[in-house]
Amino acid sequence: MYDAEELSNETMVWVRGEELPAGESHVDMVRLLAGELAELTGWPRRTLVNTALDREAQDSTYLGYGLAIPHARVFDIAQPAVYLARSTAGVDWQGSAARLVFLVVVPEERPEWHLQIMSRIVRWRQKSGLTEDEMVEMPADTLAAQLRELLALT
């Protein structure tokens with residue numbers, strides 16, 4: 001486990017370049033994104049996948065506005081990470097169409113970061129002035145740059 005001094009509040013941000021595959025369940029999407037985030041970060045795949053799936057099993061992470069935010073708090077990671085995936089058609093998230101799916105992972109020791117990140121994402125989604133179509137179609141690097149600025153934690 002990390003000491004508080006070793007934790008970094010810099011949020012690592014990635015935007016998936018490809019659209020999410022159509023016809024998959026929301027559970028499959030969580031599994032896919034957690035696995036891909038494990039590859040990007042070098043964090044243990046099984047831990048990320050199982051922790052995110054356990055959280056999703058407790059309650060749906062679909063929040064409305066075409067937005068789902070599956071999330072996990074994980075031991076032995078030093079900083080938060082956000083991985084955004086998009087779908088033109090929308091992923092079936094227990095009866096709702098999620099077009100923007102943010103996987104949020106934070107250190108277990110910093111649960112407040114989880115709330116800060118989620119609230120900033122929701123606020124951005126509601127108040128950015130961008131339509132869902134614009135967010136889905138925006139180039140991944142442009143969107144990632146906006147999110148890095150938005151998700152700088154204090």
Side-chain angles (χ1 to χ4, degrees), residues 10-74 77 79-108 110-153:
E10 179 183 345
T11 302
M12 298 183 294
V13 175
W14 291 272
V15 175
R16 190 173 199 269
E18 299 174 16
E19 275 209 30
L20 287 170
E24 303 288 332
S25 73
H26 73 285
V27 171
D28 291 332
M29 292 300 100
V30 172
R31 185 177 291 114
L32 172 72
L33 296 179
E36 289 179 358
L37 184 60
E39 289 178 24
L40 291 166
T41 60
W43 295 339
R45 178 186 179 91
R46 180 176 291 156
T47 299
L48 284 183
V49 171
N50 290 342
T51 306
L53 287 174
D54 288 349
R55 171 57 191 90
E56 190 67 32
Q58 293 174 19
D59 197 17
S60 176
T61 55
Y62 182 78
L63 301 177
Y65 304 99
L67 178 65
I69 308 180
H71 49 278
R73 294 188 335 215
V74 178
I77 64 171
Q79 64 193 102
V82 173
Y83 187 38
L84 170 60
R86 302 171 289 172
S87 170
T88 301
V91 173
D92 180 19
W93 217 273
Q94 297 179 309
S96 298
R99 296 185 67 199
L100 302 165
V101 181
F102 288 84
L103 175 62
V104 175
V105 178
V106 300
E108 178 70 31
R110 297 303 300 260
E112 71 276 11
W113 286 351
H114 163 257
L115 297 174
Q116 286 178 27
I117 289 170
M118 287 185 60
S119 67
R120 289 177 186 187
I121 290 169
V122 170
R123 221 175 12 249
W124 171 75
R125 172 64 190 93
Q126 293 173 335
K127 297 183 180 184
S128 70
L130 297 170
T131 66
E132 266 184 44
D133 287 337
E134 289 170 328
M135 290 179 177
V136 169
E137 295 167 5
M138 186 180 295
D141 57 342
T142 303
L143 192 51
Q146 283 187 19
L147 291 172
R148 280 187 191 93
E149 184 177 319
L150 174 76
L151 300 175
L153 300 175

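For the 3.5 Å distance criterion, the side chains of S25 and D28 qualify, holding a donor opposite an acceptor. Between the side chains of Y83 and E36, at least one donor-acceptor pair of N or O atoms lies under 3.5 Å.
Side-chain contact between V101 and M29 is absent, with no heavy atoms from C-beta onward closer than 4.5 Å. Side-chain contact between V74 and E108 is absent, with no heavy atoms from C-beta onward closer than 4.5 Å. Between L20 and L32 there is a side-chain heavy-atom pair separated by less than 4.5 Å. Put simply, the side chain of V15 reaches to within 4.5 Å of the side chain of R86, judged on heavy atoms. Between L150 and T11, the closest side-chain pair of non-hydrogen atoms is not below 4.5 Å. Residues T142 and M138 have side chains in contact (heavy-atom distance under 4.5 Å, counting atoms from C-beta outward). In this structure the side chain of V91 never reaches within 4.5 angstrom of the side chain of E24, judged on heavy atoms.
Scanning all heavy atoms of the two residues, the minimum distance from G90 to A97 falls at CA-CB, 4.3 Å. Contact detail for T47 and T51: the closest heavy-atom pair is O-OG1, 2.6 Å.
Formation of a donor-acceptor pair under 3.5 Å by the R16 side chain with backbone atoms of L33 is not found in this model. Remark: side-chain polar atoms of E56 are not paired, donor with acceptor, to backbone N or O of P70 under 3.5 angstrom. R55 places a side-chain N or O within donor-acceptor distance of the main-chain N or O of D59, the cut-off being under 3.5 Å.
The ring pair (Phe, Tyr, Trp, His ring centres under 6.0 Å) analysis of residues 86-105, with sequence neighbours excluded, yields the pairs H26-W93.
Here the straight-line distance linking atom NE2 of H114 with atom OG of S119 works out to 10.0 Å at 0.5 Å rounding. To the nearest 0.5 angstrom, L151 atom CG is 12.0 Å from M118 atom CE. Separation of atoms OG1 (T88) and CG (D133) is listed at 8.0 Å; rounding is to 0.5 Å. To the nearest 0.5 Å, atom CG of residue L103 and atom CG of residue L48 are 7.5 Å apart. Note that the CZ atom of R73 and the CH2 atom of W113 stand 13.0 Å from one another [nearest 0.5 Å]. Between the CD atom of Q58 and the CG atom of L53 there is a distance of 11.5 Å, given to the nearest 0.5 Å.
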| task | With side-chain contact (heavy atoms from CB on, under 4.5 Å) as the test, would you mind laying out the steps for I121 and V104 before giving the verdict? | result | CA-CA 10 Å; I121 290 169; V104 175; 4.0 Å; yes
| message | Q146 vs L130, test: side-chain contact (heavy atoms from CB on, under 4.5 Å). Steps then yes/no. | response | CA-CA 12 Å; Q146 283 187 19; L130 297 170; 4.1 Å; yes
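Of the residues Q126, R99, R125, the one that meets the side chain to side chain donor-acceptor pair (under 3.5 Å) test with Y65 is Q126.
In the displayed structure, E112 atom CD is contacted under 6.0 Å by more than 12 heavy atoms of other residues, nucleotides or ligands.
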